[in-house]
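Indexing begins at 1, ligand by ligand and atom by atom, following the structure's order.
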Amino acid sequence: MDIPTYTPAEAPVPTGEIVIERGSTPQQLGPKLNRTAADVVRFLLQQGEMVTATQSLSDDMIELFAVEVGAEISLVDPGEEQEVELQKVLDLEDDVDVDAGDLPHRAPVITVMGHVDHGKTKLLDQIRNADVVAGEAGGITQHIGAYQVHRDGRELTFIDTPGHEAFTAMRARGAEATDIVVLVVAADDGVMPQTIEAIQHAKAAEVPIVVAVNKIDRDNADPNRVMQQLAEYDLVPESWGGDTVVCQVSALQNLGIDELLENLLVVAEIEDLRATPDGRSRGAVLEAHLDMGRGPVATVLVQRGTLRVGDPLVAGPAWGRVRALINDRGEQVKEAGPSTPVEVLGLSDVAQAGDEFVVAPDERKAKSVAETRERWHREASRARDASVMSHGARLEDIFAQIQAGEQATLNLIVKADVQGSLEAVTESLRKLERPEVRIGFVLRGVGGITESDIQLAATSSATIIGFNVRPGRQAREMAEVEDVEIRTYEIIYKLLEDIESAMVGMLEPEFEEVVTGEAEVREIFRVPRIGAVAGCMVQSGNITRGSKVRFLREGTIIWKGEISSLRRFKEDVREVAAGFECGVGLSDFQDLKQGDVIETFDLREIPRT
Ligand code: GDP
């Protein structure tokens, strides 16, 4: 075959730094460097990279070509250049001429990080439960992605999604929302890989770390060992002459929580956190999802100014006039000042965690900025995904493709329960990319795994990843027929571990969760001495007492556990078959509603071929 050779053209390249968007195609790159698309394609072919003129190029390829022609380039994310123009439309006021010392103090914003199972969630729950003000108000707290607690007349804001994935995803999108990191380390387990990662993330963000040595109630707890290990990472406790605040706590037994909060207030004081409550409000989106009844809902953290009902708002590609603001206790409020988390209703679209939100000068400007961004997002992701999708492989085939020395691409469809976790999963997966394997996101979306996802996976050789979501019965059956693999997870760490293993040909046998029974909730009763009971109709299989169970709402897992009480009429029974009604006791989970689905399942190992 006659391979055309690339001969360096003589045409001079533009001088100075040339801005190139990531994921540019040869057709876009060539002309910017005074070359043709064919020049780029031919050159890359000589380097062993087969690309077409309309295919997105990797950063390496773009840089290689720039070096070849002697051009000085800077790579930017798509839309970054234009974003500067949009900021002008929004006409943001600057802080420069405000004397910071005169501004009022604001509450510290705190993120809890640490290794899986070290007690982050438990700690966040205890801190929330310990709040006096919430207790007085009736104690009904709402999970909106962040909450505030009150202590000695002051407030502390906690980001309610534990783990460093959320923190990193936010930072990757330019949001600096955290003032203090609480690093949870289990006293019986010590410093683990994610502990180290959390330290690195906090240091990179220059955020002070307060250590909570947790599980000190355990017999084998060894706080001293933990402190020694931490000292190796430059976190030397104050009691040893260092400057790291270390608190010993038991989230389970509610020990040391007060002291931790007091220490956090001290650190906040040293940080001298201030913000103006005046002017148009700005801040970060912490969490966003589509609510069936209320439309797009975003939890935002106000960082300056005061956000009010009626304000015209832009958050990433979403915009709207604020219809309602709801605080962390589920109450409607008229306004929210600095460091306050609130749910915002009235946006046009689901924003992404880490997006900046800004109150625009007027509604028209809000709309035009959001729509322009939307268009770039669409173009950028289409360019990126189109190039990888066309020659991608499924999870079980990926290793074979890598071994064959091809540029392998793993095609994935990722579905998650909320926008925030979708972002976190995607960002973390992207980090697994290596020169020899790329990841093609055929589709990313919020919500349960549907039949159209299965269809798409079948036609694009993709594997489906569900995070806190499940396929419904029809989707499951279709996946079997179409031979589409669905892997579902509830822990990001586990998900990443699996994908990494697949890339080195060591995918662990999967335990298939075989659904054994399915029942629909018809009504919720209260029974004396037993509590809440869900009246259900069994629709397939059997519902058996003691079996593993999950509760699903529109395909999203809302609870997991075991069936502890099962009744027919007034009798306790062991099993109820399809076509019969039954009552399922809800000892731990009270929030079930009519229309939710109760699914029981067994674990069975799937043999690998
Ligand atoms: P996360 O993965 O870091 O969010 O960890 P979780 O908060 O889910 O906690 C993991 C497990 O450790 C759960 O079973 C908790 O009940 C348990 N746990 C959390 N804190 C403590 C503690 O202080 N003492 C003991 N004994 N167990 C704890």
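Taking 4.5 Å as the limit, every side-chain heavy atom of T157 sits out of range of all side-chain heavy atoms of T340.
Looking at R476, R473, R553 one by one, the single match for salt bridge (charged side-chain N to carboxylate O under 4.0 Å, His left out) with E599 turns out to be R476.
Across the listed options K215, M113, Q253, K215 owns the non-hydrogen atom lying nearest to atom 12 (O) of ligand 1. Counting only non-hydrogen atoms, the option in H115, K122, H118 that gets closest to atom 16 (O) of ligand 1 is K122. Distances from atom 22 (C) of ligand 1 to the heavy atoms of D125, V184, D189, L252 put L252 nearest.
Set against the non-hydrogen atoms of D117, the atoms of ligand 1 under 4.0 Å away are 1 (P), 2 (O), 3 (O), 5 (O), 10 (C), 12 (O). Atoms of ligand 1 found under 4.0 Å from any heavy atom of R218 (numbered from 1 in listed order, with element): 26 (N), 27 (N).
Between F467 and Y489, the distance separating the two ring centers is not shorter than 6.0 angstrom.
Using a 4.0 Å cut-off between charged side-chain N and carboxylate O, R128 and D160 make a salt bridge.
Remark: ligand 1 and V249 share no N or O pair separated by less than 3.5 Å (distance only, no angle test). For V116, no nitrogen or oxygen atom sits less than 3.5 Å from a nitrogen or oxygen atom of ligand 1, counting backbone and side chain alike.
A donor-acceptor contact shorter than 3.5 Å is absent between the side chain of E287 and the backbone of T299.
For the atom pair CG (L261) and CD1 (I127), the distance works out to 5.5 Å, reported to the nearest 0.5 Å.
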